[in-house]
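In this text, all values refer to a predicted model and were calculated from it rather than measured experimentally. Chain letters run A, B, ... following the sequence lines, proteins first, then strands; residues in each count from 1.
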Amino acid sequence: MGGRPVTAPARGARAERYDPTSIERRWRDWWDERGVNTTPDHDPERPNRYHLTMFPYTSGDLHIGHWFAMAPSDALARFHRMRGSNVLFPIGFDAFGLPAENAAIQGGAHPADWTRANIERMREQLRGMGAMFDLSREVATNAPDYYRWTQWWFLLLYRQGLAYRKEAPANWCTSCNTTLANEQVLEGRCERCHALVEQRRLAQWFLRITRYADELLQNEELDWPEHVKLMQRNWIGRSEGAEAAFPLEAPEGASGASEIRVFTTRPDTLCGVTFMVLAPEHELVERLTSEGQRAAVEEYVRQAAQSTDIERQATDRPKSGVFTGSYCLNPLTAERVPIWIADYALASYGTGAVMGVPAHDQRDFEFAQQFGLPIPVVVAPPAWDGSPLAAAYLEPGTMVGSGQFDGMPSEEAKEAIARHLEERGQGGPTVTFRLRDWLISRQRYWGAPIPIVYCDGCGEQPVPDDELPVELPYDVEFLPTGESPLARSEEFVAAACPACGGAARRETDTMDTFMCSSWYFMRYCDPHNSEHAVSAEAAAAWLPVDQYTGGSEHATMHLLYARFFYKAARDAGLVPGDEPFTRYFSQGQILGPDGRRMSKSRGNVVAPDTQVERWGSDAFRCYLMFLGPWEQGGPYDPDGIVGIARWLNRVWSVATEPVDLVEAGEPGAARAVRQAAHQTLARVTGDLERLRFNTMIAALMEYTNTLWRSRESGAQDSGAWGEAQELLALMLAPACPHLAEELWHRAGHDDSVHRQPWPEADEELVRRETVELPVQVNGRIRGRLTIPADADEEAVCQAALASERVRSHLDGREIVRTIYIPGRMLNLVAR
RNA sequence: GCCGGGGUGGCGAAAUCGGCAGACGCAGCGGGCUUAAACCCCGCGGCCGCUCGCGCGGCGUGUGGGUUCGAAUCCCACCCCCGGCACCA
């Protein structure tokens with residue numbers, strides 16, 4: 001560094017304006033021609049490092065949220081590349097999904113054509129960002145050579161026993177006309193279109209994510225935001241308790257069920273059971289219904305089936321239910337327990353049945369009150385006088401009315417009773433999760449077909465690997481009938497059975513698009529491999545991802561599914577490690593200028609293209625980073641970007657306009673410039689390490705202002721000034737890749753600024769020799785001293801007492817204590 | 001209801017191992033340059049009071065208490081906003 005000749009042109013030459021448009025286009029072309037952003041799998045001199053930003057859905061235009069997510073992510077990847085890593089920073093397209101199909105239904109283009117056009121537009125918009133994406137590794141999930149491997153993944157999971165087909169009540173979106181995973185239902189409504197969700201009984205494909213529930217729960221070690229890890233833990237919802245089997249009073253024949261199993265977290269309350277509640281969808285409902293109750297039960301079940309999730313989940317409505325006419329027996333006391341049906345029991349949690357303990361569960365309490373059932377206390381509150389309860393008693397207490405367990409603390413009785421059940425073969429300790437298996441069937445066209453064939457003779461058969469992909473036919477009708485459009489395509493449905501070769505039918509549902517995005521980050525490692533989804537070598541070279549960034553709205557969907565896939569891949573010996581994303585950072589959400597979510601209907605959308613056109617890509621990138629802390633997000637104020645534009649103009653001016661230079665300038669001034677440069681370097685480096693882009697930009701602005709002022713204050717030392725300019729270009733490189741490249745080349749270099757090593761701050765220059773030290777009297781500031789940073793306490797006190805103002809506040813009182821924090825402040829405590 | 005995160009100038013924010021509150025920027029105000037303009041330059045800027053002024057004093061980080069020489073930062077109680085979960089037995 002510092003090899004710049006002292007040949008500054010005379011001042012007064014006509015200044016060239018900063019013109020981002022032409023600069024940015026020129027350097028992007030140059031990078032592409034030189035392959036600056038192409039990342040080899042191995043670089044003998046650099047360790048591999050994998051940075052990843054979530055790929056965009058192909059909705060049509062890159063919106064400001066994409067820029068907000070990707071631009072800082074790119075700056076971070078660039079920083080690590082300059083720090084010496086061989087950084088992979090890929091991009092691609094999440095290209096299957098409902099919007100494409102809905103556009104087709106509304107009379108637009110075919111989903112494939114619509115998607116292709118969108119990808120072309122978005123690819124160009126992405127290029128405009130100037131990010132270091134390695135475009136040779138781009139993937140699109142709708143490409144047959146991608147979804148071939150999504151299907152291969154399905155079959156891998158199938159062979160591992162992790163994919164199964166089951167008839168079960170499923171979330172049905174009444175507007176999208178398809179099923180949804182639990183994670184895609186928000187407050188009883190479709191996550192995407194907000195239409196009401198109801199339950200439909202359908203044969204559907206599930207992925208057994210629950211097999212990994214325990215391991216997925218263990219996420220404490222991950223370097224992820226705590227709130228995201230917590231969301232996942234809450235979503236998985238591990239609950240310890242016991243299962244108890246209640247024998248039926250009148251079991252049916254040898255083949256039928258002879259008992260009802262329940263899960264409870266309160267085995268200590270088993271003797272307080274006065275009723276049993278089955279979910280309306282419970283498989284035993286029909287059998288247990290007596291003739292006398294049949295009409296009432298059927299009516300109740302019918303109504304439950306018709307009501308939407310939102311109606312059923314309302315917690316403030318009175319408990320409803322109906323008696324089946326049957327009884328079961330308490331396994332501990334052999335008491336008769338009436339069996340009811342009520343919709344507060346959920347078919348999908350535990351066993352779908354609840355033992356009703358009204359004295360010690362608020363819901364059961366309300367139910368018992370509603371229907372006049374007894375409420376016997378079995379866990380006595382402290383100093384309980386035997387009177388009836390006004391509400392369920394949920395706290396620990398002393399066991400009563402529980403036979404041999406009476407007198408025991410209820411916390412002990414939990415385990416004692418669970419063990420007792422186990423010994424007698426009536427259940428025992430167990431763990432239940434809130435997490436459900438992942439429903440992946442979608443009755444839609446625009447997704448990867450599930451590679452299964454149904455044969456009347458051989459049953460369900462996986463499509464052999466060498467017949468993949470099961471390709472989507474182009475010519476189909478997109479009517480949303482609630483059945484997959486593929487079902488009406490004769491050419492698609494007809495298949496030969498892989499086992500017997502006879503006539504068979506293909507599965508016509510497609511896969512949830514979260515399947516596609518659960519492994520895309522693996523495909524980037526080896527995007528063109530036609531033999532494997534990802535080769536062992538490529539996986540070893542890049543996985544797991546070192547730094548992932550993206551929105552936390554995916555906490556319980558994508559981020560959980562991807563972890564599940566990774567663990568299944570690990571168990572199949574395909575990938576190293578246990579977790580796909582070592583470090584993950586979630587940026588906040590960018591909002592409209594009015595502080596609300598941007599949407600066309602609100603008319604508060606700011607298009608990135610217009611911002612880039614007006615201010616340049618670098619300015620737009622920097623402004624998004626400058627808004628505030630990245631994890632926080634916030635409103636986009638279109639007026640604020642002028643501040644960035646002014647700053648970059650100033651950068652341009654400081655870095656390109658002629659300055660009076662002398663071989664050896666005034667030493668104090670030269671040192672001041674060098675100090676500013678290195679102090680800024682230390683700040684910028686620290687900020688990038690901690691992903692604090694807003695303060696990084698502020699530090700660069702301060703630095704620019706310092707250079708601006710010192711330029712005006714007379715002739716500059718050529719060495720110090722040259723170094724200051726080079727450091728400016730290097731420090732700008734992560735945030736403003738185009739401008740930095742331009743300035744780097746104007747400083748006389750031929751190679752790319754983005755291939756330079758990140759400079760090291762000189763500690764000696766970072767340290768300050770003198771500081772302005774506030775002097776407090778009794779904690780209130782009464783003066784300031786400019787003193788050497790390492791001044792000792794005695795010298796500082798003396799200097800402080802020399803101040804008239806400090807003395808006047810001491811007012812002749814005695815100093816009883818002095819507190820001196822070198823470099824920070826001096827406090828004189830007087831009495 | 002439960003669990004997270006957060007309340008700092010007109011606005012976005014900075015400063016959290018307790019040590020100068022408001023860096024940096026927007027908007028605003030005053031001045032300059034210009035025939036004119038600002039995506040130009042210089043300057044001012046928390047609030048109140050005293051002062052011609054230099055200055056000086058008081059108040060001030062959602063509210064009320066507390067700990068401390070010293071609190072935006074730590075503790076207790078409360079209010080408000082955002083996010084997640086919510087009849088999960």
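Here Gln426(A) pairs with Pro331(A), Leu421(A), Arg424(A) under the side-chain contact (heavy atoms from CB on, under 4.5 Å) rule; sequence neighbours left out. Contacts of Glu281(A) classified as salt bridge (Lys or Arg N to Asp or Glu O under 4.0 Å), with partners at least two apart in sequence or in another chain: Arg312(A). In terms of the ring pair (Phe, Tyr, Trp, His ring centres under 6.0 Å) criterion, Phe626(A) has no residue partners (sequence neighbours excluded). Every residue two or more places apart in sequence or in another chain that forms a side-chain contact (heavy atoms from CB on, under 4.5 Å) with Arg807(A) is listed here: Glu804(A).
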Which donor-acceptor pairs under 3.5 Å do the side chains of residues 814-821 of chain A make with protein atoms, sequence neighbours left out?
| residue | atom | partner | partner atom | Å |
| --- | --- | --- | --- | --- |
| Thr818(A) | OG1 | Glu793(A) | OE2 | 2.6 |
| Tyr820(A) | OH | Ala791(A) | O | 2.8 |

Donor-acceptor contacts, no H, no angles, side chain residues 781-788 of chain A, under 3.5 Å, sequence neighbours left out:
| residue | atom | partner | partner atom | Å |
| --- | --- | --- | --- | --- |
| Arg782(A) | NE | His809(A) | ND1 | 3.3 |

Heavy atoms under 4.0 Å is the rule here; annotate nucleotides 46-57 of chain B 5' to 3' with B where the base is hit, S where only the sugar-phosphate is, and - elsewhere. ----------SS

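Ala345(A) comes within 4.0 angstrom of a nucleotide base, judged by non-hydrogen atoms across all strands. Within the 4.0 angstrom heavy-atom criterion, base atoms lie near Asp343(A). Glu772(A) comes within 4.0 angstrom of a base, heavy atoms only. Contact annotation for Pro635(A): no contact, since no heavy-atom pair falls under 4.0 Å across all strands. At a threshold of 4.0 angstrom between heavy atoms, the contacts of Arg683(A) with the nucleic acid are absent. As judged by a 4.0 angstrom heavy-atom cut-off over every strand, Leu346(A) is placed among the base-contacting residues. Nucleic acid contact for Trp615(A): base, since at least one base atom lies under 4.0 Å from a heavy atom of the residue. Among the heavy atoms of the strands lying under 4.0 Å from Arg434(A) is at least one base atom, whether or not backbone atoms are also near.
Here Arg317(A) pairs with Asp343(A) in a salt bridge; the nearest charged N to carboxylate O distance falls below 4.0 Å. Between Asp19(A) and Arg17(A) there is no salt bridge, since none of the side-chain N atoms of the basic residue sits less than 4.0 Å from a carboxylate O of the acidic one.
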If you write RNA chain B from 5' to 3' in dot-bracket form, with Watson-Crick or G-U pairs under 3.5 Å, [ ] for crossing pairs and | for pairs with another strand, what do you get? (((((((..(((......[....))).(((((.......))))).(((((....)))))..(((((..]....))))))))))))....

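Between Phe620(A) and Ile644(A) the shortest side-chain heavy-atom distance does not fall below 4.5 Å. Two residues are said to be in side-chain contact when any heavy atoms from C-beta on lie closer than 4.5 Å; Trp615(A) and Tyr623(A) fail this criterion.
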Distances under 3.5 Å between nitrogen or oxygen atoms of protein and nucleotides 41-44 of chain B:
| residue | atom | partner | partner atom | Å |
| --- | --- | --- | --- | --- |
| rC41(B) | OP1 | Arg650(A) | NH2 | 3.3 |
| rC42(B) | OP1 | Trp708(A) | NE1 | 2.9 |
| rC42(B) | OP2 | Arg650(A) | NH2 | 3.3 |

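Sorted by first and then second residue, the salt bridge (Lys or Arg N to Asp or Glu O under 4.0 Å) pairs with a member in residues 677-693 of chain A read Arg83(A)-Glu689(A), Arg683(A)-Glu702(A), Asp687(A)-Arg690(A); sequence neighbours excluded. For residues 640-651 of chain A, the set of pairs meeting the side-chain hydrogen bond (donor to acceptor under 3.5 Å, both in side chains) definition, not counting sequence neighbours, comprises Trp647(A)-Thr704(A), Arg650(A)-Asn705(A).
rC50(B) sits 36 Å from rA14(B) when the P atoms are compared, rounded to a whole Å.
Asn694(A) places its CG atom 14 Å from the P atom of rG12(B), with the value rounded to the nearest Å. Straight-line distance from the OH atom of Tyr623(A) to the P atom of rC39(B): 15 Å, rounded to whole Å. Rounded to whole Å, atom P of rC20(B) lies 14 Å from atom CD1 of Ile819(A).
Of the residues in residues 228-244 of chain A, those with a non-hydrogen atom less than 4.0 angstrom from any atom of RNA chain B are Leu230(A), Met231(A), Trp235(A), Ser239(A).
With a 6.0 Å cutoff to the six-membered ring centre and a 45° limit on the axis angle, Arg434(A) counts as a cation-pi contact of Trp235(A).
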